[in-house]
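Hydrogens, waters and symmetry mates are skipped; everything else that's a heavy atom, side chains included, is used. In the text below, chain A, chain B and the rest are named by the order of the sequence lines, each starting its count at 1. What you are looking at is a predicted structure, and each value in this text was computed from that prediction instead of being measured.
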Amino acid sequence: MSYLKSLVRTPWFWGAVGIVLLLALNTFKDPNYLAIGVNPTTGLLSGNILDILRVSAPIIMIALGMTFVIATSGIDLSVGSVMAVGGAVAMETLSTLNAPASPGAMFAAIALAVLLGAVLGAVNGFLVAVIGLQPFISTLVMMLAGRGIARVITGGQNTNATNAPFRELANGQVLGLPLSFVLAIVIVVLIALVMRRTALGLMIESIGINPQASRMAGIRPRPILITVYTLSAALAAIGGLFTVSEVMTVDVSGTGYQMELDAILAVVIGGTSLAGGKFSILGSTIGALLIATLNKTVIFLGVSSAATPAFKAIVIIVLVLLQSERIREMLLGRRSRRDMTIPPVTNPATRTEEAVA
Amino acid sequence: MTALAPSRPTLRGNWERNQSLLPTLAAVALFIGMLVYAELAYGRVFHAGTMSSLLVSFAPTIILAVGMTIVILSGGIDLSVGAVVAFTSVSGVMLMNAGVNGWLAIVLMIVFGGLFGLVAGILIQYFTVQPFIATLAMMFLARGLASMLSTVPVHAPDDAPIRLIATDWKIIDGPKVNDLVLTPGFVLAVFVVIAAFVYLHRTRAGRTVYAIGGAESSAQLMGLPVARTRVSIYVISGALAGLAAVIYTAEVGGKAQNVTGIGWELDAIAAVVIGGTLLTGGVGYVLGSVVGSLVLAALWMIITKDGSIKPEFLTIITGSILLVFVLLQRVITRRRVE
């Protein structure tokens with residue numbers, strides 16, 4: 001009984017419930033929804049579940065990066081644009097090298113994309129940590145400029161390229177699972193180890209809880225904030241690589257468009273508070289899977305994919321309301337006050353300013 | 001920081017006031033410089049025809065910038081305006097096609113905009129949601145709803161009164177195309193600017209906006225109606241987005257699309273920041289934001305006239321200008337704190 005109670009209280013529990021409900025809904029509509037078959041031409045497994053896992057890989061990447069940014073009580077609105085930049089760099093590199101079978105060209109494309117992504121993230125981090133701009137403004141500028149940079153890289157074209165090894169990123173399979181999903185999980189595990197086996201994760205959380213107190217405790221916020229924003233953008237660039245490798249074309253205005261809300265939503269579903277101060281990597285990953293399932297479900301149910309943002313907006317409004325103190329008090333009674341570990345935020349604007357002071 | 005108390009006419013007070021005017025003056029200088037450069041490089045800029053078409057086509061931006069000024073002065077942000085323009089224009093035109101009275105449809109467009117603002121304002125004020133999260137959610141909601149209504153352009157009927165808003169009024173009949181032409185839409189934008197100026201500088205509610213942006217808890221302790229004012233700020237911003245949608249839809253001949261207004265919130269924020277309003281709230285002028293919109297208009301004009309600057313650079317240039325002005329603000333506020 002107490003085990004069940006603690007399970008219900010884990011941050012990612014409701015995300016997992018959501019995934020099961022959506023899958024159940026789809027199975028109800030089409031009993032064969034969960035079936036996995038073998039594609040006769042390629043000999044690979046195919047099925048809706050594998051599709052969901054494949055499209056979840058980029059979302060897992062941006063959600064992972066966003067988790068740490070939000071834990072420092074910041075935000076990164078540029079992830080979608082950085083995805084486009086990453087995809088643009090990769091496609092442009094591959095089409096310039098023009099080596100359809102060379103793994104070397106693939107590694108060059110990946111390295112350049114991640115590098116440029118990291119540079120853009122470092123600029124974000126510099127603006128937030130050193131100059132002291134509000135995170136949403138610096139990353140909003142990057143969101144605006146990033147899409148322009150992607151256009152400049154490809155000359156305004158939707159560049160496509162041929163490279164068999166790169167194409168495998170999204171279309172290959174390992175033990176039946178999409179390669180991009182496997183890679184995403186490997187990256188998640190590696191980063192989780194770095195965060196939880198070193199003090200880095202703790203330092204990120206302490207900056208999110210109280211920047212002044214953590215500075216007095218000897219934590220220097222600047223290098224950590226710059227690391228967090230750089231990591232977020234580098235992961236977004238990897239997400240962009242996964243996205244473009246699916247079709248081997250970068251759509252400079254479409255790749256990663258409006259994906260920043262996906263990332264924020266995944267993080268919030270995973271139980272990371274937007275006020276910062278704590279994060280759950282497993283939670284964000286489950287959140288990302290839920291969003292991938294939601295995307296596929298909406299299309300499966302025949303609603304225009306352009307309408308999905310409305311559903312996501314409603315979900316995020318509900319989640320943010322559940323996080324708010326007023327609703328918690330109403331639902332849980334007076335006791336919730338004592339349980340709260342994070343002080344209530346009265347004015348978010350001054351708070352973000354403190355974070356970088 | 002500074003709640004802009006009525007400053008005593010001391011030297012220090014004067015200096016402080018002028019310092020907060022510095023970015024606005026820089027924007028005015030930039031605007032004049034851009035116009036002079038454009039005149040020398042491409043010609044036909046100080047030309048009634050060019051000027052009037054520029055002003056008329058930037059009327060929606062000016063209106064959005066005015067709404068954004070009020071929001072940013074209170075220490076908030078409204079990321080939903082572009083999407084609200086899309087939703088209100090699509091829904092308004094569809095109402096007109098469904099046979100609703102044209103004038104009523106126009107009023108409903110403004111009301112719909114205000115409703116989005118109302119939801120955002122309630123989330124922000126009563127549930128302590130950060131403004132950018134609440135308005136980001138509204139942005140996706142409005143864009144998604146607009147896409148649900150229609151993913152293809154919809155056209156207003158030929159006799160719809162909304163088309164009257166784009167009527168050309170020839171003020172000065174110059175030689176050839178050199179006419180000073182204004183539209184009712186532009187006149188509405190001017191009215192909005194005047195009304196916002198009076199609201200912010202001559203009414204209690206306006207002073208409360210500055211007080212909330214300066215220090216919310218002080219405003220609360222002074223007994224100012226913080227809750228009511230803050231919710232009304234977002235309602236105003238949403239309603240102005242609805243009005244901007246009316247004028248824009250009229251200007252493009254009654255055509256409404258679900259992809260209208262992508263990135264307009266950034267233009268509005270850029271206009272406000274260029275015009276000297278501090279993003280942290282409490283300091284700024286609505287007239288500065290008008291200058292900011294004109295700077296963006298001049299930039300757009302130079303890029304179109306030049307032709308050699310590729311359009312893909314436009315967002316990078318706007319972003320860079322926004323960044324430069326934000327950094328300029330940072331330098332000025334730092335110095336003031338020290």
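For a residue to count as touching a neighbouring chain, one of its non-hydrogen atoms must lie under 4.5 Å from one of that chain's; by this rule A:L265 does not touch chain B. Using a 4.5 Å cut-off between heavy atoms, B:S217 does not touch chain A at all. When heavy atoms are compared at a cutoff of 4.5 Å, B:I317 does not approach chain A at all. Heavy-atom distances place the side chain of A:L321, and not its backbone, under 4.5 Å from chain B.
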(request) Tell me, with the steps shown, if B:I269 and A:I137 meet side chain to side chain contact (heavy atoms under 4.5 Å, CB included). (result) CA-CA 10 Å; B:I269 295 171; A:I137 275 298; 4.3 Å; yes
(request) Show your working on side chain to side chain contact (heavy atoms under 4.5 Å, CB included) between B:L136 and A:I264 and close with a plain yes or no. (result) CA-CA 10 Å; B:L136 195 70; A:I264 297 171; 3.7 Å; yes
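Considering only heavy atoms from C-beta on, A:I317 comes within 4.5 Å of B:M138 through its side chain. B:I77 has its side chain within reach of A:F136: a pair of non-hydrogen atoms, C-beta onward, lies under 4.5 Å apart. Counting only heavy atoms from C-beta outward, the side chains of A:L133 and B:L323 approach each other to under 4.5 Å.
Put simply, of B:V273, B:I262, B:V259, the one with the most heavy-atom pairs under 4.5 Å next to chain A is B:I262. For the set B:T151, B:I124, B:L322, B:I133, the count of heavy-atom pairs under 4.5 angstrom toward chain A peaks at B:I133. For chain B, the option among A:I149, A:L261, A:I314 with the highest count of heavy-atom pairs below 4.5 Å is A:L261.
Of all heavy-atom pairs spanning B:A137 and A:A313, the tightest one is O-CB, 3.2 Å. Shown here for B:I316 and A:G148, the closest heavy-atom pair between the two residues is CD1-C, 3.5 Å.
Note that CG of B:D267 is 8.0 Å distant from CG of A:L144, once rounded to the nearest 0.5 Å. Atom-to-atom distance recorded for A:M143:CE and B:L266:CG is 6.0 Å, nearest 0.5 angstrom. Put simply, CG on A:L140 and CZ on B:F132 are 10.0 Å apart, with the number rounded to the nearest 0.5 Å.
The salt bridge (charged side-chain N to carboxylate O under 4.0 Å, His left out) search around A:K296 returns none, not counting sequence neighbours. Not counting sequence neighbours, the partners of B:F116 by the ring-ring contact (aromatic ring centres under 6.0 Å, His included) test are B:F87.
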